[in-house]
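Worth knowing before you read on, the calculation uses all heavy atoms, side chains too, and leaves out hydrogens, waters and symmetry mates.
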Amino acid sequence: MNKKYKIHTRILSIDGGGVRGLVPAVILAYLEKMIQELSNDEDARIVDYFDLFAGNSTGGLIVAGLLLPGKDGRPKYSAEDIVQLYVKNSKVIFQSSLIQGIKSASGLLGVKYDEEGAQFVYNQYFENRELKELLKPCLIPVYDLTRGKNYFFRQHKAKVSDRHNYYLKDVMRAATAAITYFPPASMVSVNGIEHRCFVDGGIFAVNPSLSAYAEFRHLNKHLYSKNTMMFSLGSGKQDTYLECDEVKHWGAMEWRENGSNLVATSFSDATNYQLEAVYNSNPNYLRINPLIDKSHSSSLDNTEDEYLEYLYQLGVQAVIDNQETLDHFISQLIDSHEGDAP
């Protein structure tokens with residue numbers, strides 16, 4: 001019989017993917033509903049059952065939404081509220097003026113979208129709240145153009161260091177500033193001292209779960225994977241199959257969409273492979289990332305109603321396809337949480 005280790009840290013990690021963030025949001029709505037039912041607590045929230053959160057790009061938006069406190073100190077938004085954020089605001093975030101579309105040639109000659117729509121939504125949801133106010137430790141990857149290096153927005157660092165504290169509406173702009181889609185985010189720390197320019201961290205951590213595990217080890221050097229549970233959510237993937245004869249003369253324009261999808265999928269899958277090795281088939285690690293069928297694109301910015309409905313149903317089907325494993329993981333999650341009680 002395997003020895004049962006005490007769970008110290010429960011990690012939730014969410015991939016990037018633009019509007020495809022609707023897929024993990026739907027899965028999380030199910031997770032929160034089951035937590036409430038199994039714990040007999042209708043006020044229970046995901047934030048109560050995880051200790052460390054990681055989200056890249058649209059995943060960072062979900063994480064920030066789940067961790068934002070309301071006036072009573074409890075989470076302001078439920079997981080279902082985050083689902084509705086995508087349903088109601090995707091068209092606002094990915095909007096562009098006719099002039100911008102012509103100037104950019106749909107993103108080939110310049111950024112595809114101006115930032116006004118996205119900034120409007122982030123202002124509405126996060127107002128003037130600060131990174132340090134979030135309810136639990138988290139990390140949101142971005143790339144710092146100012147210093148030429150990877151960077152993570154960390155709630156736990158912002159709490160102790162003013163130079164790492166930023167307004168959440170700015171953090172969201174930076175986290176979702178996907179190259180060629182949105183302009184880089186030029187921003188200033190809350191104390192007005194740090195001036196930085198960031199783009200989406202998907203260039204190095206489209207799946208931030210391994211970064212989250214590294215952060216756990218950094219904070220708890222005496223602990224290992226056996227002392228954690230990790231729930232890693234993708235935003236849907238689409239495998240890329242191409243024939244050599246088809247692509248041998250392709251240039252930058254032809255590779256733009258296929259190449260982007262290929263790189264994102266391979267990065268994400270490689271991270272999952274590495275974490276499966278770290279956890280050594282331990283059921284404490286669960287990864288769900290459903291396949292997007294070939295009849296639909298894997299677009300980051302398709303806000304047509306039909307596509308959003310497809311993404312919603314993809315999340316629902318992912319729950320059904322993983323029902324037994326997911327319910328067992330949730331049960332373990334609750335048991336480990338109750339084990340924390342004195």
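- With F153 as the partner, the side chain to side chain contact (heavy atoms under 4.5 Å, CB included) test is satisfied by one option alone out of I140, N165, D170: I140.
- Under the 3.5 Å distance criterion, with hydrogens and angles disregarded, a donor-acceptor pair is assigned to the side chains of R287 and S268.
- A donor-acceptor pair under 3.5 Å is absent between the side-chain atoms of K157 and the main chain of H164, judged by distance alone.
- Between the side chains of N123 and E127, not a single donor N or O lies within less than 3.5 Å of an accepting N or O.
- Ionic pairing of D305 and K91 is present here: one or more N-O contacts between side-chain nitrogen and carboxylate oxygen are shorter than 4.0 angstrom.
- Formation of a donor-acceptor pair under 3.5 Å by the R10 side chain with backbone atoms of S336 is found in this model.
- A donor-acceptor contact shorter than 3.5 Å is absent between the side chain of E194 and the backbone of V188.
- With a 6.0 Å radius and a threshold of 12 heavy atoms from other residues, nucleotides or ligands, F120 has its CZ atom at or below the threshold.
- Checked against a 6.0 Å centroid threshold, the rings of F204 and Y143 do not count as neighbours.
- Between E80 and Q84, the side chains place a donor N or O and an acceptor N or O closer than 3.5 Å (distance only, hydrogens not considered).
- Judged by distance alone, with hydrogens and angles left aside, the side-chain atoms of S331 form no donor-acceptor pair with the main-chain N or O of D327 at under 3.5 Å.
- Side-chain contact between D15 and N56 is absent, with no heavy atoms from C-beta onward closer than 4.5 Å.
- Under 3.5 Å, the side chains of Y285 and S209 contain no donor-acceptor pair of N or O atoms.
- Under the 4.0 Å criterion applied to side-chain N and carboxylate O atoms, D81 and K76 are not assigned as salt-bridge partners.
- By the rule that hydrophobic residues join a cluster once side-chain heavy atoms approach within less than 4.5 Å of another member, V206 and L22 end up as members of separate clusters.
- For the pair K221/F216, no side-chain contact is recorded, criterion being any heavy-atom separation below 4.5 Å from C-beta on.
- Aromatic ring orientation, F50 versus F231: parallel (interplanar angle below 30°, classes split at 30° and 60°).
- By the criterion of side-chain heavy atoms lying less than 4.5 angstrom apart, applied directly or through intervening Ile, Leu, Val, Met, Phe, Trp or Tyr residues, V316 is grouped together with L28 in one hydrophobic cluster.
- Counted by atom type alone, H296 and E306 present one or more donor-acceptor pairs between their side chains at under 3.5 Å.
- How far OG1 of T9 is from CE of M229: 12.0 Å, rounded to the nearest 0.5 Å.
- Taking hydrophobic clusters as Ile, Leu, Val, Met, Phe, Trp and Tyr residues chained together by side-chain heavy-atom distances below 4.5 Å, V47 does not share a cluster with M230.
- Here the two rings, on F329 and Y49, have centers that are 6.0 Å apart or farther.
- Inspection of the Y181 and D200 side chains reveals no N or O donor paired with an N or O acceptor under 3.5 Å.
- A salt bridge links R196 with D144: at least one charged nitrogen is closer than 4.0 Å to a carboxylate oxygen.
- Y166 is connected to L135 through a chain of hydrophobic side-chain contacts under 4.5 Å among Ile, Leu, Val, Met, Phe, Trp and Tyr, so both are in one cluster.
- Here K169 does not pair with E115 in a salt bridge; the nearest charged N to carboxylate O distance is not below 4.0 Å.
- Outside the 6.0 Å centre-distance limit, the rings of Y122 and Y167 are not counted as a close aromatic pair.
- The pair R74-D43 fails the salt-bridge criterion, with no side-chain N (NZ, NE, NH1 or NH2) lying under 4.0 Å from an Asp/Glu carboxylate O.
- In summary, E133 and K159 do not engage in a salt bridge, as defined by a charged side-chain N under 4.0 Å from a carboxylate O.
- Considering all non-hydrogen atoms of both residues, Y213 and I11 come closest at CA-CD1, 4.5 Å.
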